[in-house]
Number of protein chains: 2
Amino acid sequence: MGEEPRDMTARREGDRREASDGTVGKALDVLDRVAAFGRPVRFAELLDGSPFPKATLYRFLQTLVHQGMLSHDPGTGAYALGVRLVRLAHAAWAQSSLAPIARPHIDRLSAAVGETVHLAQLDGGQVLYVDKRNARQPVAMFSQAGRVGPGYCTGVGKAMLAHLPEAARARAVSQQAFHRYTPATITDPAAFALELEAIRARGHAFDAEEHEPGIVCVAVPILSRAGTVLGALSVTGTTARTSLQALAGLVPVIRATAADIATEAESWRFPEEQTQGLVARGGAGA
Amino acid sequence: MGEEPRDMTARREGDRREASDGTVGKALDVLDRVAAFGRPVRFAELLDGSPFPKATLYRFLQTLVHQGMLSHDPGTGAYALGVRLVRLAHAAWAQSSLAPIARPHIDRLSAAVGETVHLAQLDGGQVLYVDKRNARQPVAMFSQAGRVGPGYCTGVGKAMLAHLPEAARARAVSQQAFHRYTPATITDPAAFALELEAIRARGHAFDAEEHEPGIVCVAVPILSRAGTVLGALSVTGTTARTSLQALAGLVPVIRATAADIATEAESWRFPEEQTQGLVARGGAGA
DNA sequence: AACCAAGTTTCACATAATGGAACCAAGGGA
DNA sequence: TCCCTTGGTTCCATTATGTGAAACTTGGTT
């Protein structure tokens, strides 16, 4: 897999919810730290770079292991994420995301366009991919269900940000890292604001190799009737096989799919969910 | 000091490790409760059936929402699992399970046999499915991964239990519910012990419509060189299309796949992981 | 044997969790 | 209209819990 853009984007100030509230927050922070390593990790490694003293960290790890959120190999002394998480995740995926509703629609879309399709939701200014359908020849690229990506240089990210209400958009934009992944990456907030305007006007967003060279995509937001952003849908291709012009031609069918998903999501008990992703963590406001 | 004292609270639990330790444990218990509903749930619903007083539960929910583990819709007042879980889950799936390593092998096996393939691991006596390949339909990550099933009446469950070391097996067996799903379900612990012996002797397990009528499967364990149980692999079919005899013929290829997975898992830094699922929670054990 | 690093346990102390009760909406009868 | 109930949120004195420096144990090295 790629490098670690994750840290750049995820570690933005003003969003640090970790050690803010109580013991639980701290414990979850420890969990995140283990997750960040992406591999089984030993006590000492975890210790430096952690804001907790030895004994405290140790107790947290014990608790988390005992709770099944982490597993601990007595042999090597390594801590890894536990299976309880996988179980919880299944429930989370099934209940708090568009994925289960969208699944058949995405299948159909994927079959129709013959390219990779992504379903994403917004998570604190970042893009969370909740489902993906591969084209016949799978392209090696950065994305999978559960993965997070930057909001400012992906099609789905821009499509969602553009359709956020003023206040939420401002907050989300302020959380962007604006790291230059490729020469085409937009790194200037002012230019980004214009780009969002344009996207909102035309109703869909492009990613012109802004995140990965050779990868382009077109994305449309999934909007509730009230106009709140539920998620976004994108079709991706490589410059070798397709072009932005060709992708633009797919907008009608993608938009139709998005509309179908939105309708179904609303009709079948799905309140306003999405903006909550932001409200939930922002904490700042009223 | 041995391991006698601490387990006063932990030893009894077959599956419920909840409020045993501290604030963190309680908070995670709340998380589980929300997950158990499988749908957005309101405060009052959560309140009854919860061991916590109103104010306490309220504070927990607030904390979890603030941490992004839950989301809260101010409109309907409903709590749902948060996106942070999906993110953590992705990491968990990728690092603490065999799935990523096994994926290409499963693809190949699935293509070869043309039937549904399951990859499972053990989680406290229960079966946790971490990946699945449907003969026709392509990938679906969290949709199926994360499901749990009984250990005593599934092929993968029996295959894994049979190859556990004495102590762990005894503990795991004592955790089985032995509910009669079908006429063929084994509900007698003594008979089950014999069945496990037979499975261990022959190296693979069958599920002869013990869990669902009309569904049969054959499963083999994935064992490390040292003999510890890493997981299990199964091929499933319907009585309408296949038979146990036919499935038995697939054992060599399944076993070869299991061996490949085990080898790769071991060679690429993957210690003894699996037994830990049990050790992690049981605590006891010599 | 003496040393060192990684991991684990102790214990006096202070922070953070607790939960009964008060409080604040909204319906919704009468 | 007013009163009353139900669902949700906030207070605050009490006390359980978490905290972390330091001591200790284990296992490996020189």
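Naming: A, B, ... by sequence-line order, numbering from 1 per chain.
The pair A:Asp123-B:Arg84 does not meet the salt-bridge criterion, since no charged nitrogen lies less than 4.0 angstrom from a carboxylate oxygen. Of the charged side-chain nitrogens involved, at least one lies within less than 4.0 Å of a carboxylate oxygen, so that A:Arg169 and A:Glu166 count as a salt-bridged pair.
Identified under the salt bridge (charged side-chain N to carboxylate O under 4.0 Å, His left out) test for residues 59-69 of chain B, with sequence neighbours left out: none.
Atom P of nucleotide C:dC24 and atom CZ of B:Phe43 are separated by 18 Å, given to the nearest angstrom. Put simply, CZ on A:Arg42 is 9 Å from P on C:dA6, counting in whole angstrom units.
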- request: Summarise protein proximity over nucleotides 12-19 of chain C in one line of letters, 5' to 3': B for base, S for sugar-phosphate only, - for none, counting protein heavy atoms closer than 4.0 Å.
  value: ----SSBB

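In this structure the side chain of A:Met69 reaches within 4.5 angstrom of the side chain of A:Leu85, judged on heavy atoms. Proximity of B:Val86 to A:Leu128: side-chain heavy atoms (C-beta onward) are separated by under 4.5 Å at one or more points. Residues A:Phe52 and A:Leu47 fail the side-chain proximity criterion, which asks for heavy atoms closer than 4.5 Å.
Nucleotides of DNA chain D with any atom under 4.0 Å from a heavy atom of chain A span, from 5' to 3', D:dG18 to D:dA21.
Between B:His72 and B:Tyr79, the angle of the ring planes stays under 30°, which puts this pair in the parallel group of the 30/60° scheme.
Not one side-chain nitrogen or oxygen of A:Tyr58 sits closer than 4.0 Å to the OP1 or OP2 atom of C:dG7.
Base pairing of D:dT30: its partner is C:dA1, meeting the Watson-Crick or G-U wobble criterion (both donor-acceptor distances under 3.5 Å).
Between A:Ala168 and A:Leu164 the shortest heavy-atom distance is CB-CG, 3.9 Å.
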